[in-house]
S.K.: 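Just dropping this structure here.
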Amino acid sequence: MNPADLSATLLSVVSRIAADRGTPDLGLTVNDLVLERPRNRDHGDWASNIAMKLAKPLGANPRELATEIAEQARAIDGIASVDVAGPGFINITLDAAAAGALAKTIVEQGEAYGRNDSLAGQTINLEFVSANPTGPLHIGHTRWAALGDSLARILKAAGAELVSEFYINDAGNQMDNFGASILASAKGEPTPENGYPGAYVAELAQRVLASNPEILELDHDEAIAVARERGYELQLGEIKKSLAAFNVHFDVWFSERELHAVNADGKSAIDAAVERLRAQGHVADIDDAVWVKTTDFGDDKDRVIKRGNGIYTYFAADAAYYLSKGDRGFAHKIYLLGADHHGYVHRLKALAGAAGDDPEKDIEVLIGQLVSINGARLSKRAGNIIELDDLREWLGTDALRYSLGRYPSDSPLSLDPEILQKRTNDNPVFYVQYAHARTHSVARNAGESGVDRSVFDASLLTNESESILLGVLAEFPRIVAQAAELREPHRIARFAEELAGSYHRWYDQCRVTPLNDEEVTDVHRTRLWVNDAVGQVLRNSLWMLGVSAPERM
RNA sequence: GCGCCCGUAGCUCAGCGGAUAGAGCAAUUGACUACGGAUCAAUAGGCCGGGGGUUCAAAUCCCUCCGGGCGCACCA
């Protein structure tokens, strides 16, 4: 019996009691009947606070209500005991067979175990990183790359129809500055004003020179254009390579230029977007400029979308981009932004509102705090930028992905490179990976000793560490659903650590492979199922975090 | 000044109203002629930043103050 079954069964019990008391329709759903795994093992396998929750609406004493529920719950098949404790907690203990059956289920479901339909039917566009293609990705992008990619995997696992998207800011002045910087470097001239310094520009310049030596001969503007386009192509390629090496995948690479391109009707997507906002009544012409009345939706000031000189602001492209997401069928848009962009939240929400969408439901902006290393904040201003590639080569994809993924995005994060390089318990990623590797080594040894999965008798799983382990395994689908709903990948990492810990403790107490002079029994065979179930769930967890699950370390 | 985020063990951090607030590291002490000791067991460590409030119940929700971070462009 898994927690979902137990909740459903308990729900029917509670509904029946409510009906008996003359309150038939409380509108209760399974979600109201949250079962928790109590911290204290003396409180059973699962605990419910439903009696305390319902005491008021039913006009009942919580303890009496709990007692009544407990009496009826005792009769349910698979439940070993039910106790009432404290102010009205209902503590449930499953019998070993009912709890243990899960191990077999997990092995049979394999990669599917943990997946659920909690977000079924939702169409989500998840945008993250979205860096300018004018330079390498740095640590400021790294956290969002890790979190965004993990979140995408988790949302998909929860049944959402999701597309992950990288918005390429390939329009605007910075592209010309980029081109001019490359050209200057190619000619051996100093970096121009507002240009991009850095060794990577010189490298790009050499590559551009190799493929397009004519830039030295062309007139200035043409040469800049060639340098810009070729440099863009090369740099975007570098970005894609960096992300792929970091195990980060995007379904769509969306070019801002598409929004500026003039279509057959003589208008760009941006022109059309401004017209649509105007039709909704949220645009005003003041002086020569065009404004969006974002204050209608809680922004602290209105925003210019088209300047007095007739040129659109960056905000115009944002508007067109937002609308394009809706036009492409995404009801729900999630943006992952760094804390240094949080001033943008109101504007984006206002955009949704001005477009006729619901700013509370259709758009969601997740703000992530910045990362520091050894307490030193890394910022462009301080000039201590570290590139994603350097970090990855230094610490490894697994350690970096994991340590960025195991904290909520809104908590400021300080990484210690010393710890990240350690291959010990200090470094949680190795703790979890080692547990996974151990499940494989246990399975290998078991196989060599003639232990197979020919028998599964869950009633033999009686060790306390065994029932704890099974309880942790049972929580996985709910953890996934919760991580998806709250957009919090770190919950998967924390779960994986708890599972790894429970597994190591179980390993310490329960042998899968018999000692030399012992015979292979059904206990060993059944435990092999448990071992393999743990390996599967660790694998599924690590996959969601974009971290490898090695079979040997 | 206004807005958003954070403040929990010596350190890095979990804990979307529930029972005695947790984990890892660091400290102290144990366990290898036993499936990988990259592990496990045990001890110690806390006015959950301060103060009010809501609730049967607050680290969690509300208000306020203090401390830290980040933003407040007809830039992109």
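Residue numbering restarts at 1 for every chain, and letters A, B, ... go by the order of the sequence lines. Just so it is clear, the values below take in all heavy atoms, side chains as well, and ignore hydrogens, waters and symmetry mates.
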S.K.: Please give the distance between the P atoms of B/G30 and B/C70 as a whole number of Å.
M.R.: 47 Å
S.K.: Given atom CZ of A/Phe89 and atom P of B/G18, what is their separation to the nearest angstrom?
M.R.: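 From A/Phe89 CZ to B/G18 P: 8 Å.
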S.K.: Determine: side-chain N/O of A/Thr313 to OP1/OP2 of B/A76, distance under 4.0 Å, yes or no.
M.R.: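 False: A/Thr313 side-chain N/O out of range (4.0 Å or more) of B/A76 OP1/OP2.
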S.K.: Reckon A/His490 touches a base, only the sugar-phosphate, or nothing at all at heavy-atom distances under 4.0 Å?
M.R.: sugar-phosphate
S.K.: Reckon A/Arg406 touches a base, only the sugar-phosphate, or nothing at all at heavy-atom distances under 4.0 Å?
M.R.: nothing
S.K.: For B/C72, does either OP1 or OP2 sit under 4.0 Å from a side-chain N or O belonging to A/His341?
M.R.: no
S.K.: Which value, in whole Å, describes the distance between the P atoms of nucleotides B/A26 and B/A58?
M.R.: 36 Å
S.K.: What is the separation between atom CD1 on A/Ile311 and atom C1' on B/C74, rounded to the nearest whole Å?
M.R.: 10 Å
S.K.: Taking the six-membered ring for Trp, are A/Phe315 and A/Tyr344 parallel (under 30°), tilted (30 to 60°) or perpendicular (over 60°)?
M.R.: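 Aromatic pair A/Phe315/A/Tyr344 classed perpendicular.
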S.K.: Would you please confirm or rule out a distance under 4.0 Å between OP1 or OP2 of B/C75 and any side-chain N or O of A/Arg307?
M.R.: yes
S.K.: Roughly, in whole Å, what's the span from CD in A/Glu36 to P in B/A21?
M.R.: 15 Å
S.K.: Whole-Å distance between B/G37 C1' and A/Met553 CE?
M.R.: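 That distance rounds to 14 Å.
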S.K.: Provide the Watson-Crick or G-U wobble partner of B/G67, both distances under 3.5 Å; none if there is no partner.
M.R.: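 Pairing partner, where one exists within any strand: B/C6.
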S.K.: Give A/Ser441 one of three labels, base, sugar-phosphate or nothing, depending on what nucleic acid heavy atoms sit under 4.0 Å from its own.
M.R.: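 The answer is base, as A/Ser441 lies within the cut-off (heavy atoms under 4.0 Å) of a base atom.
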S.K.: Which part of the nucleic acid does A/Pro408 contact within heavy-atom distance under 4.0 Å: base, sugar-phosphate only, or nothing?
M.R.: sugar-phosphate
S.K.: How far does NE2 of A/His342 sit from CG of A/Leu337, to the nearest 0.5 angstrom?
M.R.: 11.0 Å
S.K.: For B/A14, give its Watson-Crick or G-U wobble partner with both distances under 3.5 Å, or none.
M.R.: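 Pairing partner, where one exists within any strand: none, as none qualifies.
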S.K.: Using the P atom as the point on both nucleotides, what is the distance between B/U55 and B/A21, in whole Å?
M.R.: 24 Å
S.K.: Write down the distance separating the P atoms in B/U12 and B/G49, rounded off to the nearest Å.
M.R.: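 These two P atoms come out 15 Å apart once rounded.
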S.K.: Using a cut-off of 4.0 Å on non-hydrogen atoms, how would the nucleic acid contact of A/Ala171 be classed: base, sugar-phosphate, or nothing?
M.R.: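 A/Ala171: backbone/sugar contact only, no base atoms under 4.0 Å.
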S.K.: Please report, rounded to the nearest Å, how far the C1' atom of B/A73 is from the CG atom of A/Asn309.
M.R.: 14 Å
S.K.: When you check the gap from the basic side-chain N to the acidic O, do A/Arg37 and A/Glu498 get nearer than 4.0 Å?
M.R.: yes
S.K.: Measure the distance between the ring centre of A/His346 and the centre of the six-membered base ring of B/G3, then answer whether it is under 5.5 Å with planes under 30°.
M.R.: no
S.K.: Does any N or O donor sit under 3.5 Å from an N or O acceptor when you compare the side chain of A/Tyr431 with the base of B/A23?
M.R.: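 Check fails, no donor-acceptor contact within cut-off.
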S.K.: Assign A/Ala317 to base, sugar-phosphate, or nothing according to its heavy-atom contacts below 4.0 angstrom with the strands shown.
M.R.: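 Touches nothing.
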S.K.: Any side-chain N or O of A/Arg491 below 4.0 angstrom from OP1/OP2 of B/C16?
M.R.: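 It does, given that an N or O in the side chain of A/Arg491 lies less than 4.0 Å from OP1 or OP2 of B/C16.
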S.K.: Are the side chains of A/Arg494 and A/Ile479 in touch, meaning some heavy atoms are under 4.5 Å apart?
M.R.: no
S.K.: Taking C-beta and beyond as the side chain, do A/Leu151 and A/Leu366 meet within less than 4.5 Å on heavy atoms?
M.R.: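 Result yes, sub-4.5 Å side-chain heavy-atom pair found.
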S.K.: Contact between A/Val537 and A/Phe495 at the side-chain level, heavy atoms closer than 4.5 Å - yes or no?
M.R.: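 Yes, their side chains come closer than 4.5 Å.
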S.K.: Hey, what do you get for CG (A/Asn49) to CD (A/Glu36), rounding to the nearest 0.5 Å?
M.R.: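 These two atoms lie 6.5 Å from each other.
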S.K.: Is a donor-acceptor contact shorter than 3.5 angstrom present between the side chain of A/Asp176 and the base of B/A76?
M.R.: no
S.K.: What's A/Gly172 touching, base or sugar-phosphate or nothing? Going by heavy atoms closer than 4.0 Å.
M.R.: sugar-phosphate
S.K.: So what does A/Arg511 hit on the nucleic acid, given a heavy-atom distance under 4.0 Å: a base, only sugar-phosphate, or nothing?
M.R.: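 Base, at least one base heavy atom under 4.0 Å.
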S.K.: Given that both distances must come in under 3.5 Å, which nucleotide forms a Watson-Crick or G-U wobble pair with B/C48?
M.R.: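 Looking at the geometry, B/C48 pairs with no nucleotide.
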S.K.: Quick one: label A/Ala289 by what it contacts on the DNA or RNA (base, sugar-phosphate, nothing), any heavy atom closer than 4.0 Å.
M.R.: base
S.K.: Could you tell me how far B/G22 sits from B/A9 if I compare only their P atoms? Round to whole Å.
M.R.: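 Straight-line distance between the two P atoms is 14 Å.
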S.K.: Can you say whether the rings of A/Tyr196 and A/Phe178 are parallel (under 30°), tilted (30 to 60°) or perpendicular (over 60°)?
M.R.: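 Rings of A/Tyr196 and A/Phe178: perpendicular, as their planes differ by over 60°.
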S.K.: Closest to the A/Tyr507 side chain: B/G37, B/G15, B/A19?
M.R.: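 The answer is B/G37, which lies nearest to the side chain.
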S.K.: Could you measure between the two C1' atoms, the one in B/G68 and the one in B/U8, and give it in whole Å?
M.R.: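 Taking atom C1' in both B/G68 and B/U8, they lie 16 Å apart.
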S.K.: Using side chain to side chain contact (heavy atoms under 4.5 Å, CB included) as the criterion, point out the one residue from A/Val534, A/Asn531, A/Val472 that pairs with A/Trp506.
M.R.: A/Asn531
S.K.: Rounded to the nearest Å, what distance is computed from the NE2 atom of residue A/His524 to the P atom of nucleotide B/A34?
M.R.: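 After rounding, the reported distance stands at 16 Å.
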S.K.: Classify A/Asp299 by what it touches in the nucleic acid, base, sugar-phosphate, or nothing, heavy-atom distance under 4.0 Å.
M.R.: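 No contact at all - A/Asp299 keeps every heavy atom at 4.0 Å or more from the nucleic acid.
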S.K.: Specify the separation, in whole Å, of atom CG of A/Asp83 and atom P of B/A19.
M.R.: 18 Å
S.K.: For B/C25 and B/A14, measure between their C1' atoms and round to the nearest Å.
M.R.: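 Between the two C1' atoms, the distance is 14 Å.
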S.K.: Under a 3.5 Å cut-off for both contacts, is B/G1 paired Watson-Crick or G-U wobble with anything, and if yes, with which nucleotide?
M.R.: B/C72
S.K.: Of all the choices, B/G37, B/G15, B/A76, which nucleotide is nearest to the side chain of A/Tyr434 once you look at every atom?
M.R.: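 In terms of side-chain proximity for A/Tyr434, the closest of B/G37, B/G15, B/A76 is B/G37.
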S.K.: Would you indicate, yes or no, if B/G37 has its OP1 or OP2 atom less than 4.0 angstrom from a side-chain nitrogen or oxygen of A/Arg438?
M.R.: yes
S.K.: When the distance from CG of A/Leu515 to P of B/C32 is rounded to whole Å, what number comes out?
M.R.: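 Taking atom P of B/C32 as the reference, CG of A/Leu515 is at 15 Å.
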S.K.: Write down the partner of B/A58 under the Watson-Crick or G-U wobble criteria, each distance required to be under 3.5 Å.
M.R.: none
S.K.: Scan A/Glu448 against the nucleic acid and name what it touches under 4.0 Å (heavy atoms): base, sugar-phosphate only, or nothing.
M.R.: nothing
S.K.: Between the base of B/G18 and the side chain of A/Asn49, is there a donor and acceptor pair under 3.5 angstrom?
M.R.: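 Looking at the base of B/G18, it does pair with a donor or acceptor on the side chain of A/Asn49 (distance under 3.5 Å).
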S.K.: Mind checking the C1' distance from B/A42 to B/C4? Whole angstroms is fine.
M.R.: 45 Å
S.K.: Counting any heavy atom closer than 4.0 Å, what does A/Asp340 reach on the DNA or RNA strands: base, sugar-phosphate only, or nothing?
M.R.: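 The residue A/Asp340 makes sugar-phosphate contact but no base contact.
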S.K.: Looking at B/A76, B/C74, B/A19, which one has an atom nearest to any side-chain atom of A/Pro38?
M.R.: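 Comparing B/A76, B/C74, B/A19 against the side chain of A/Pro38, the answer is B/A19.
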S.K.: Could you tell me the Watson-Crick or G-U partner of B/C40, where both distances fall under 3.5 Å? Say none if there is no partner.
M.R.: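 Here B/C40 is engaged in a pair, and the nucleotide opposite it is B/G30.
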